[in-house]
A.B. asks: 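If you scroll down you'll find the structure; I have some questions about it.
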Amino acid sequence: MTTTERPNALDPAQIDGLVDMDPEAFRSAAHAAVDLMADYLASVEKFAVFPAVEPGSIGPGFPTAAPETGESIDAILADYSRLIEPNATHWQHPGFLAYFGTTASGAGIIGEMLTAALGQNAMLWRTSPIATELEGVVVGWLRQALGLPDAFDGLITDTASTSSLIALAAAREVAGVEAAAHGIGGRPDVRQMRVYASAEAHSSIEKACMTLGLGRDALVKIATNDRFELLPDELKAAIARDRDAGLRPIAIVATVGTTSSTSVDPVAAIADIAAAEGLWLHVDAAYAGAVAICPELRGPFSGWDRADSIVVNPHKWLFTPLDASLLLTRRMDALRAAFSLVPEYLLTLDRATPVRDYNEYTPQLGRRFRALKLWMLLRWFGLEGLRRRIRHHLELTADFAAAVDATPEWERLAPVPFSTVCFRFRPERLGADETALDAANAAIMDAVNRSGDVFLSHTRLAGRFTIRLAVGNLRTEARHVERAWELLQSAAREVAP
Ligand SMILES: Cc1ncc(COP(=O)(O)O)c(C=O)c1O
């Protein structure tokens, strides 16, 4: 039954009930919602990828206070169709080529629905034996799929930001600071700590330093070469300088697939330095890590098996609905040292047996049952199915990069190790006027995005406004990437005739 066929009536439970929706009413409403979802996915291309809205234009369409009495599910779903769906940025749209794409795949969405219905809290084994044990299973499946040794254990968090925060907290414990017990403020015995990452590392690393009380000053941003890859000699020199200055290095973060250009830090050389210096090595492969499920494409990951911790986000390029971040580590003991706190009310008899209570390894207590959707989609796609799609995205990207390379007045601004192309329009008549080039490229991107057919985002590389095209959506076909290229070229003709 579709929403239009349903009576616009209240459920008796909404009038004087003391319990939840009646199961049969739920069945019918949920079927209607599934119809909406299927219709949305089937016709997402009817929307502009980014809606034609201005900031502040949406909120006033909603009442200023919650209703006193319940409203029919039909009315709510009708408003969902009217107010919610059209005002979304359509990450599910095949023309979504901005940031790093993510797709909520069918199997992943079904997993989310079942997760919500089961209502598990994966904080303790006792609060969800299945969520706890399936998390272990899925972490093992992903680890093997990525080609990493079984010395890596791990867990699933919400985002890479949290995963990296946890990794750096663990690194600090391993450094012997005992911050979990004593904090770091007002302690003359604790030297100022330092974390090293390339100048291209994601802001989540700096944020982790802020959150952990190390401060943004603690992050030493190491220079990169002209391919935006960390320079190991600069790293070595910075560590030596800091040691001489009486500071306390604790960790190095290497990135495989940086956010701006998807550059690849030389992980093996960095692992050598981490080993020689006795520092924790964290590898941020939040976006690009998915590629490692293809054995023939593991070159850029060489050396990551020597890391203490690695983050890969299934919610980026493994078609998992937000949120799901995989944190792998050889040092679960260190994570536990950083975060374990077990008050009486969380003690259970199970503690006499070796159960894993995942909350002991993370800052938060309550945890979503994220393993369910991963288990479902890994089974639905199969690893071969995932590999096929990732290889296809790499082909689409290579074709786009080749078109940019072959076209006069366009230039690529970074190598393309994965599925993201960084480029700009550079007409001869603007010469070396970088300000004018920045303005022209910003205007081109804006014009393309206003078309609604595709959605691109930008960054700045070597000071230059850089347009990025990132393939990662399951629905993206050659025609969408080709359309982006057509739109870019026609916008360029308009902007800088
Ligand atoms: C390399 C890298 N690390 C970390 C992140 C942060 O990811 P999340 O949004 O899951 O915290 C991103 C986001 O794009 C990223 O590109």
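Counting starts at 1 for both ligands and their atoms, in listed order. One is the number of the first residue; the rest follow in order along the sequence. Below, each value reflects all heavy atoms present in this structure, side chains not excepted, and no hydrogens, waters or symmetry copies. Only a predicted model underlies this, so the values are computations on that prediction, with no experimental measurement involved.
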A.B. asks: Which protein residues come within less than 4.0 angstrom of ligand 1, counting heavy atoms only?
C.D. replies: Phe100, Thr159, Ala160, Ser161, His202, Ser204, Gly257, Thr259, Asp284, Ala286, Asn313, His315, Lys316
A.B. asks: Check this for me, if you would: do Arg330 and Asp308 make a salt bridge, where the nitrogen-to-carboxylate-oxygen distance has to be below 4.0 angstrom?
C.D. replies: no
A.B. asks: Which atoms form the tightest heavy-atom contact between Phe339 and Tyr361, and what is the distance?
C.D. replies: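 The answer is CD1-O, 3.6 Å.
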A.B. asks: If every non-hydrogen atom of Arg412 is compared with every non-hydrogen atom of Asp405, which pair is closest and at what distance?
C.D. replies: NE-OD1, 2.8 Å
A.B. asks: Pairing donors with acceptors under 3.5 angstrom, does anything connect the side chains of His202 and Tyr287?
C.D. replies: no
A.B. asks: Mind jotting down which residue pairs meet the salt bridge (Lys or Arg N to Asp or Glu O under 4.0 Å) criterion with at least one end in residues 362-375? Sequence neighbours excluded, please.
C.D. replies: Glu112-Arg368, Glu112-Lys373, Glu135-Arg367, Asp323-Arg368, Asp323-Arg370
A.B. asks: Quick one: do the His392 and Glu477 side chains pair a donor with an acceptor below 3.5 Å?
C.D. replies: no
